[in-house]
Structure formats: structure tokens, C-alpha cells
Amino acid sequence: MQRLSVAQARKEESIGKEALIQGWVRTRRDSKGGFSFLEINDGSCLNNVQVIADQNLSNYESDIKKLGTGACVGVVGTVEKSPAKGQATEVRAQSITVYGVSDPETYPIQKKGATFEFLRTIAHLRPRTNTFGAIARVRNCVCKSIHDFFQEQGFLYIHPPIITASDCEGAGQMFKVTTLDLEKPPRQGPSIDFTKDFFGRPAFLTVSGQLEAETLACAMGKVYTFGPTFRAENSNTARHLAEFWMVEPEMAFYDLEDNMTLAEAFIKRIITDALTRCEEDMKFFTERIDKEILSRLEGILKSEFLRLSYTEAVDVLQKSGQTFEFPVSWGADLQSEHERFLTEVHFKKPVILFNYPRTIKPFYMRVNDDGKTVRAMDVLVPGVGEIIGGSQREERLEVLEERMKETGLDPKGYWWYLDLRRYGTVPHSGFGLGLERTILFLTGMANIRDVIPFPRTPGSAEF
RNA sequence: UCCCCGAUAGCUCAAUGGUAGAGCAACCGGCUGUUAACCGGUUUGUUGUAGGUUCGAGUCCUACUCGGGGAGCCA
């Protein structure tokens, strides 16, 4: 017996096929004509396939009439042209196997809508809803796009360590990794003796694979990482996770302009693929989540990202006449409200800001000839704000060492990073893109906890 | 972490300090090639936790827990 996914069974070309369809019951409607309609979903697509279960089925009264939302079944039957509106095909059942019943008294998912807050408390069951099924498929699509885009351009997929000893860039709080007994850790004087720890030194979960990616870029040319990243910062917002996925390309012989060009092409490729490969799901997001999603994404594809230096951006903001909660002044970091104004109100399209003051950016960014700014770039998009952060890296040994001292870092701890500049240094660039923020941007979902199956946030690691 | 808001039936929400309700779901019945089906009926509560004020607290006060919105930090 041929197995058909619901997505296949819904297609007109499947008419006439005898097949096995397996999935979960979304609803059951009984007809006093002596049969029932079952809506079956298996995650292969947004919509369900309608099954006609006739009373002649041996288990019609005993099993079928009792099927509730959430039950799992296997249906052997014939795909037929549906006489009614709403679907091209339907399946006339010859037999139905009930794999697992679902008690309607206690099953928490109902036919009518539930809030995302409630669904978060049942993260193990929410993939069975339309919204979370659609998110899972779009997320998968984006991941494939990421690999396709870089692979087609000759990038090498590399794997930086998840456990790291370098407290890199001082960006955010890190999770400690230890096998020491926290009840009575070994001590050397007043402080904990980490030489007794598993790695013989303090170790952490990575906050970025950038420094390690640079070592491979300085040998292989164009590389990218794609994996989990951890930040122990106590951030409670709709845009932050303690564990999230990040893509970090790193390219030798790329300057900042090359970097910006790549970032723009990358984002456009992800959008294009989502619109073409997840058409049904994207339409769903437009209808049910954010009415402007499709038009916004299509608009972005047509427009060229605006490139604006930090200095110019400060000028635009100061002359805008807009009153901000936080004042704009050269040298201060831009606030969320400033970034949103630029991309959502003033320019109404993605904006790439570059050449930030050196005092507000990390040590590894290349210092410009003016001595005051560094070759940093942030890509801002409407609806989400910063989605990409990147830079051209400082390739000059003396400047890099000076910058490390300036930001209070000990160059000795970064001896291997400095070696890259000591032996055959090369101009190079890279950026990081947060996967979950990209999904927010694509789907119009409001909370980052709803675009990852099992969100990790301060005080929350259930499931 | 800071500021603001919230927590009442399985879900979504009502209830001038005076006996806790509705819609949906569920269950029973009716009707129907139905499709968030429809119509009638039935059931559902230690009002987040712990204290306090009061003759009387879902309602006022305090603390805590959890959640939401905003901010900071960032991807």
C-alpha cells in the first residue's frame, strides 16, 4: 500500500489512487446520513485532508464516532474528487486504524483559537496547531536556504566549538561549564581553583563562533558557521533567547562593502525561498498574523538596501523633528527607537548602518583612517530592528593589540587570534544573523518564544 | 535587572466592597455532503499563593510566584 502525505493527498493528481494516510484528527463532523467527516493533518502542509468515514466501516460505531481532536489514525482509502467546496480532493475510507485516542475532556487544544501565552505552557502539543506547524515548516525552509545560499557560492560549512575558554568580545554574560562540585568547590586561597576543573581552566558556552571562524577563513577563504549560541544575559524581551541559533559567515579578502553586498543578497535569498517554497504558510501568516507581511517582504525584494554611515544617521535623526525618549548625539549608541524610526518611518525599507564610533564597538572591528570610527555594520529591517551585526575585522597586529588594551582585554589570552595577524594576515569580514529573529521578520510573529519549539529564557526551561 | 499592566470554569473573558456569570469547548438530543457547521438542553469554580483591612473581599492593602507590554543589553 502506497503511503501518501496529506500534502500529496490534497493534490488533484492523486485522484484515483488507493493509499494509506496517517495523521492526527483535527475535527470530526457527523452526518445523520450515516457517515462522518474527519479532518486529518500530518504536518506535511497547513491544510487538512477530508476523510469520508462511512457507517459500513467495521469500527464505525465503536471507534470512529468517538474520535476526538488530537486522536491519531491511519486511513486506507481512495483519493476522490471532492464534490464540495473547500478542497480539491477527499479520501473515501475503506478502513481506519486508530493508533491512539485523545480524550476530549482533557486534551488542551481546541478547535477555536488559543492565545500564544497559553500554547507556550503546552509546548509539547503546540506543533499540532496551524500556526506552529507553519512556523516549523518556514524555519526548516530558512535553514535550507542558508545552506543553499552559502554552498552555491563556495562557502565551507565549519563547526566552531560550543564549549569555549575564551571570554570573547565581552558580549553578554556567559554560561559556565563545569564539573566541579558546586557544594564544595576546590579553592586556592579565597578563589575557586579552576585548574581542578574538567578543562583545567574556566570554560563557557559559546556566545559567538566568530573568532574561531576567523581562523578557518584565514585558511579556507569563505566559511560559515550555523549552530546554537548561548547568552546568559537576564534579558526579558520578545526578541531575546538564552539559547538561539546563529549563522556567521566569515570571508577572507572581503572588505566592508563586500560584506554589506553579501548580507543584502543573503536576506533577499531567504525571503525569496520562503515566498516560493512556503507559499501556503506565508499566505496563512498574512491572513492570520500580520496583514502586511507579504507586501512588506515583496517590497524589500524590490528595493535596494539603503547604506548610511552612523554619522549620516545621527544627522538624519537630529534633523527629523521627531522627539525621542533618548536624545541623539554623536558618540552614543543608537537606541531601539532610533533604529526603528530610520527603517520603519523615515526610509521605510531595510537600512545598513556602518562606520560606528570606535568607543561603542568591540576590539576586533577595523579602525578607519579617521581614527574615530570602526568598520562596523548593522542591518536594520522593519518590524524587527537589528537582524544582522557584522564588521570588517582589524587585520593589523599593532592596531589590534592597542584596541585590546583600550577595551581592557589581555592580549595574552588571545595569542592564537593575534597569530592570525602575525602570520600572513589578510583583510577579512563577516557578520552574524540570528535565525529566530529572521523567522520573526518573515512570519510577522511578535514573540521570539513562539518561533523556536522549546524556548530557553530566564527562569524558563520546561520541556 | 528596571518601569507599567495582569492572573476568575478546560479556553477567551465579565462581575458600583454585599449569594461568582457569559461565549466557546465538553456531554446529551435534533438537523445536515459537512468543512472554525448549525439548533436546543446539561455539567463545570479552594477567583495564582500567603498574610492583612472589613460585619462582609474576586474587588482594597502588603509580600511572593507566574505571565504580558515597554526599557536596557543584543542576534
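Every chain is numbered from 1, with letters handed out A, B, ... down the list of sequences.
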Can you find a donor-acceptor pair, distance only, under 3.5 Å between [X] side chain and [N] base?
X         : N      : value
Arg239(A) : G72(B) : no
Gln87(A)  : U35(B) : yes
Arg231(A) : C73(B) : no

In whole angstroms, how far is the [atom2] atom of [N] from the [atom1] atom of [X]?
X         : N      : atom1 : atom2 : result
Leu433(A) : C74(B) : CG    : C1'   : 14 Å
Leu380(A) : C74(B) : CG    : P     : 14 Å
Glu339(A) : C73(B) : CD    : C1'   : 12 Å
His240(A) : U1(B)  : NE2   : P     : 15 Å
Leu442(A) : A75(B) : CG    : P     : 19 Å
Phe35(A)  : U34(B) : CZ    : C1'   : 7 Å
Glu39(A)  : A36(B) : CD    : P     : 8 Å
Ile122(A) : G10(B) : CD1   : C1'   : 11 Å

*Does Leu241(A) or Pro83(A) map to a spot on RNA chain B nearer the 5' end, using the closest nucleotide for each?*
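On the 5' side of the pair lies Pro83(A).
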*Starting at the 5' end of RNA chain B and moving along, which residue's nearest nucleotide shows up first, Ala114(A) or Lys85(A)?*
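Nearest-nucleotide comparison on RNA chain B picks Ala114(A).
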*Using a cut-off of 4.0 Å between protein heavy atoms and nucleotide atoms, how would you tag nucleotides 24-31 of chain B 5' to 3' with B, S and -?*
SSSS---B
_I need a per-nucleotide contact map over nucleotides 66-71 of chain B, read 5' to 3'. Cutoff is protein heavy atoms under 4.0 Å; write B for the base, S for backbone only, - otherwise._
-SSSBB
Quick one: do [X] and [Y] make a salt bridge, cutoff under 4.0 Å?
X         : Y         : answer
Arg375(A) : Asp255(A) : no
Arg296(A) : Asp290(A) : yes
Glu287(A) : Lys283(A) : yes

[N] and [M]: how far apart are their [atom1] atoms, nearest whole angstrom?
N      : M      : atom1 : value
G40(B) : A22(B) : P     : 15 Å
U42(B) : G21(B) : P     : 15 Å
G56(B) : A20(B) : C1'   : 15 Å
U47(B) : C28(B) : C1'   : 29 Å
G6(B)  : U59(B) : C1'   : 14 Å

*Determine if Phe244(A) stacks with A75(B); use a centre-to-centre distance below 5.5 Å and an interplanar angle below 30° as the criteria.*
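Phe244(A) ring centre within cut-off of A75(B) base, planes near parallel; stacks.
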*asked:* If I compare all heavy atoms of Ala376(A) with all of Met365(A), which pair ends up nearest, and what's the gap?
replied: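 Between these two residues, the closest heavy atoms are CB-SD, 3.3 Å.
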*Taking only Watson-Crick and G-U wobble pairs with both distances under 3.5 Å, what dot-bracket line describes RNA chain B, where [ ] shows pairs that cross earlier ones and | shows pairs with another strand?*
(((((((..((((....[..)))).(((((.......))))).....(((((..]....))))))))))))....
*Is the centre of the Phe266(A) ring less than 6.0 Å from the centre of the Phe150(A) ring?*
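Yes - the distance between ring centres of Phe266(A) and Phe150(A) falls below the 6.0 Å cut-off.
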*Is the distance from OP1 or OP2 of U35(B) to the nearest side-chain N or O of Arg29(A) less than 4.0 Å?*
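Checking U35(B) against Arg29(A), no side-chain N or O comes under 4.0 Å of OP1 or OP2.
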_Ring geometry between Tyr310(A) and Trp330(A) (parallel below 30°, tilted from 30 to 60°, perpendicular above 60°)_ =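 Ring orientation, 0 to 90° scale: perpendicular.
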*Hey, can you tell me if Phe116(A) and Phe132(A) have their rings parallel, tilted or perpendicular (30° and 60° cut-offs)?*
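Correct class here is perpendicular.
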*Take Asp450(A) and Arg120(A), measure what salt bridge (charged side-chain N to carboxylate O under 4.0 Å, His left out) needs, and give me the verdict at the end.*
CA-CA 7 Å; Asp450(A) 297 329; Arg120(A) 255 172 244 155; 2.8 Å; yes
*Taking atom types as modelled and ignoring hydrogens, do the side chains of Ser82(A) and Gln50(A) form a donor-acceptor contact shorter than 3.5 angstrom?*
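The criterion, which ignores hydrogens and geometry beyond distance, is not satisfied for Gln50(A) and Ser82(A).
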*Is there a donor-acceptor contact under 3.5 Å linking the side chains of Asn368(A) and Thr373(A)?*
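The answer is yes; a qualifying pair exists.
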Could you pull out all donor-acceptor pairs under 3.5 Å where a side-chain atom in residues 345-353 of chain A meets a protein atom, sequence neighbours excluded?
unit_1, atom_1, unit_2, atom_2, d
Lys348(A), NZ, Val345(A), O, 3.1
Lys349(A), NZ, Glu304(A), O, 3.0

_Any base atoms under 4.0 Å from Ser36(A), or only sugar-phosphate, or nothing? Heavy atoms, all strands._
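Here Ser36(A) touches no strand at all.
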*Side chain of Phe118(A) (C-beta onward), nearest among U12(B), G72(B), U34(B)*: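 From the listed options, U12(B) comes nearest.
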*Calculate, to the nearest 0.5 Å, the distance between atoms CD and NE2 belonging to Gln318(A) and His338(A) respectively.*
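One gets 9.5 Å once the value is rounded to the nearest 0.5 Å.
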*Could you tell me whether the side chain of Arg126(A) and the main chain of Pro453(A) form a donor-acceptor pair under 3.5 Å?*
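Pair found, side chain donor or acceptor close to backbone of Pro453(A).
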_Qualifying residue for ring-ring contact (aromatic ring centres under 6.0 Å, His included) with Tyr157(A), from Tyr224(A), Phe226(A), Phe149(A)_ =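 Passing option: Tyr224(A).
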*Please list residues of residues 41-60 of chain A whose heavy atoms come under 4.0 Å from any atom in RNA chain B, ordered by number; otherwise none.*
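Correct list: Gln50(A), Ile52(A).
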Show me, pair by pair, the donor-acceptor contacts under 3.5 angstrom made by side chains of residues 377-389 of chain A, not counting sequence neighbours?
unit_1, atom_1, unit_2, atom_2, d
Asp378(A), OD2, Tyr356(A), OH, 3.2

